[in-house]
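Position 1 is the first residue of the sequence, and the numbers go up from there.
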Amino acid sequence: MTDSLRRKHWPKSSYDPRYDPLVDSGPGHNRDYAPTYWVGTAGEPPEDDGPVSGDMDVDVAIVGSGYTGLSCAIHLAKEFGIKATVLEANTVAWGCSTRNGGQAQISSGRLKRSQWIDRWGVDVAKKMHAEVSEGFELFRDLIGCGEFDCEPQDGGHFYIAHKPGVMAKLNKECQLLNDTFGYGSRMMSREELHENHVRDQEAAGAMWEPDGVSIHAAKLAFGYQNMARKLGASIHPGSPVMGWKTIDGVHHLTTPGGIVRARSVALATAGYTPAGLSNRTKNRLMPILSNSIVTRPLTDEEKSECGFQTCSPLTDTRTLRHYYRYLPDGRVQIGSRSAVTGKDAENPKHLAALRQGLARKFPVLDDIDLDYSWWGWVDVSHDMMPRIFQPDPKQTIYYAMGYGGNGVMYSAQAGRRMAQLVAGQNQGLDLPIFTSPLPSHGVLTPFRRLGQRFMYVYYHLQDEKL
């Protein structure tokens, strides 16, 4: 297609609530944001560089403008002097980065420390803990650098036992964190939790971890965006990658407005990764829907009844967990797993189930008016752990994804690690998350959602009945 015939600026299209990464060919072209609390309260998005409007040659093309892609651009510039070009199909930080719960925890992926030991042994688990701890320090440095305000509320993370039967396992995990990893977590009783922190009526007790920060999700993304552009990166929304050829080691990425010829490509598309983007990522993630609601501001009486004395991250011990928090403006946010398919995402039963979850924890909030309701896709890997990886040492293609809903904090470190790989600095990156690809389900791939439906039934029985 010649320059004269190209549509260089796709018109803004509306948000599609039924979008499904396992069904749709791609995330769309220049779609608007999901109607999240974060987008609704962040103010005007910062400036970007507009859609790609001509052919260009670049050193590094980053596909995806969420936390990971922006962190990669930031660290390519800060640590290696490389000015990256970020390509975004829709609006900047359109996916996970403006749809999450705004909770930064000292974790990455879905596995607990005890499961790390079962899988890799104590020595590797300790190195993995050190990696995640380093990631949290990097995250603290970024949000505390003074260049932007994402409203951080630092007070640790409360992992709340949703029924008495899980207290023994939670206590065992707490002891492991302290004795094996030298981490300062501690258990607290229901009475202490209620008196000093939050009056969750389901809580049988809780484990408190010192590292836990609540943030404003969109303000974090927009802060990263400004930082990346200040360091010389260019960010192009409305520029989906619609074709990809590699010729003599140079990657030709076709966008609606032009071909981007890149010497290296870094993929940071998470749960919104199109099946046709690259064979290196095809069927390597299981996108899982998570929905979220935000209430109207609480009255003083409602706040007192709920016992909110913290804005710290709160999660419960369900496998189909709830993540929730008291927001600085007096609202309450809560999220959990939702529909299996995008087609079913608007089914009122999923909103009703989340409302019921809120009411079980805080009965006074039963039937409270909601100001925001949305959902988004979580990038769950088949072995529940992320990967920051170069799939083929002969090809300059890299990816960082698979956080399983725990990417708010670790995405900063993952972006930095991917920048190191792009720059050829992989010394010391010897953990399994850096040395192995995202696993595939192989012959079971067509049946993944059928398996998901059965597992949701089992998890619900385990969480609520057994």
Apply the test side-chain contact (heavy atoms from CB on, under 4.5 Å) to residues Tyr183 and Asp211: give CA-CA distance (whole Å), side-chain angles for both, the deciding distance (0.1 Å), then the verdict.
-> CA-CA 10 Å; Tyr183 190 65; Asp211 294 299; 2.8 Å; yes
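- Remark: Pro237 pairs with Asp48, Val92 by the side chain to side chain contact (heavy atoms under 4.5 Å, CB included) rule, at least two apart or across chains.
- Between Tyr456 and Tyr459, the ring planes lie tilted relative to each other; the angle falls in the 30° to 60° range.
- Asp154 pairs by the salt bridge (Lys or Arg N to Asp or Glu O under 4.0 Å) definition with Arg140, not counting sequence neighbours.
- Taking 4.5 Å as the limit, every side-chain heavy atom of Gln452 sits out of range of all side-chain heavy atoms of Arg448.
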Let me see the working for Asp200 and Leu314 under side-chain contact (heavy atoms from CB on, under 4.5 Å), right down to the final yes or no.
-> CA-CA 10 Å; Asp200 181 336; Leu314 312 169; over 6 Å; no
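- Heavy-atom minimum distance, Ser290 versus Arg337: OG-NH1, 3.4 Å.
- A pairwise comparison of heavy atoms in Arg199 and Glu305 identifies NH1-O, 3.2 Å as the closest pair.
- Under the side chain to side chain contact (heavy atoms under 4.5 Å, CB included) criterion, Arg280 pairs with Ser278, Pro391, Asp392, Gln395, not counting sequence neighbours.
- Sorted by first and then second residue, the pairs that involve residues 30-39 and meet salt bridge (Lys or Arg N to Asp or Glu O under 4.0 Å), not counting sequence neighbours, are Asp16-Arg31.
- In this structure, the separation between OG on Ser312 and CD on Gln105 is 11.0 Å, given to the nearest 0.5 Å.
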Side-chain donor-acceptor pairs under 3.5 Å in residues 400-410, sequence neighbours left out?
from	atom 1	to	atom 2	distance (Å)
Tyr403	OH	Thr68	OG1	2.7
Asn406	ND2	Gly109	O	2.7
Tyr410	OH	Glu131	OE2	2.8

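- By the salt bridge (Lys or Arg N to Asp or Glu O under 4.0 Å) test, Asp20 is found to be paired with Arg449, residues two or more places apart in sequence or in another chain being considered.
- Side-chain contact between Met384 and Val380 is present, with at least one heavy-atom pair separated by less than 4.5 Å.
- Taking the charged nitrogens against the carboxylate oxygens, Glu464 and Lys163 have no contact shorter than 4.0 Å, which rules out a salt bridge.
- Applying the side-chain hydrogen bond (donor to acceptor under 3.5 Å, both in side chains) definition to pairs two or more places apart or across chains, those involving residues 222-231 are Asp49-Arg229.
- Under the side chain to side chain donor-acceptor pair (under 3.5 Å) criterion, Thr254 pairs with no residue at all, not counting sequence neighbours.
- Not a single salt bridge (Lys or Arg N to Asp or Glu O under 4.0 Å) links Asp379 to another residue, sequence neighbours left out.
- Among residue pairs with one or both ends in residues 288-343, those qualifying as ring-ring contact (aromatic ring centres under 6.0 Å, His included) are Phe308-Tyr326, Phe308-Phe362; sequence neighbours excluded.
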Go through the steps to decide whether Ser440 and Thr445 satisfy the test side-chain contact (heavy atoms from CB on, under 4.5 Å), and finish with yes or no.
-> CA-CA 8 Å; Ser440 170; Thr445 296; 4.3 Å; yes
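- Residues Lys219 and Asp149 have side chains not in contact (no heavy-atom distance under 4.5 Å, counting atoms from C-beta outward).
- The aromatic rings of Trp38 and His216 sit perpendicular to each other, their planes meeting at more than 60°, with 30° as the lower class boundary.
- Here the closest heavy-atom approach between residue Ala345 and residue His350 is recorded as O-CD2, 4.2 Å.
- Asp316 pairs with exactly one of Arg321, His162, Arg360, Lys361 by the side chain to side chain donor-acceptor pair (under 3.5 Å) rule, that one being Lys361.
- Residues Arg387 and Arg284 fail the side-chain proximity criterion, which asks for heavy atoms closer than 4.5 Å.
- Not a single salt bridge (Lys or Arg N to Asp or Glu O under 4.0 Å) links Arg453 to another residue, sequence neighbours left out.
- Here Val60 pairs with Ile62, Leu76, Ile82, Ala84, Ser264, Val422 under the side chain to side chain contact (heavy atoms under 4.5 Å, CB included) rule; sequence neighbours left out.
- Thr315 and His157 share a donor-acceptor pair across their side chains, judged by distance under 3.5 Å alone.
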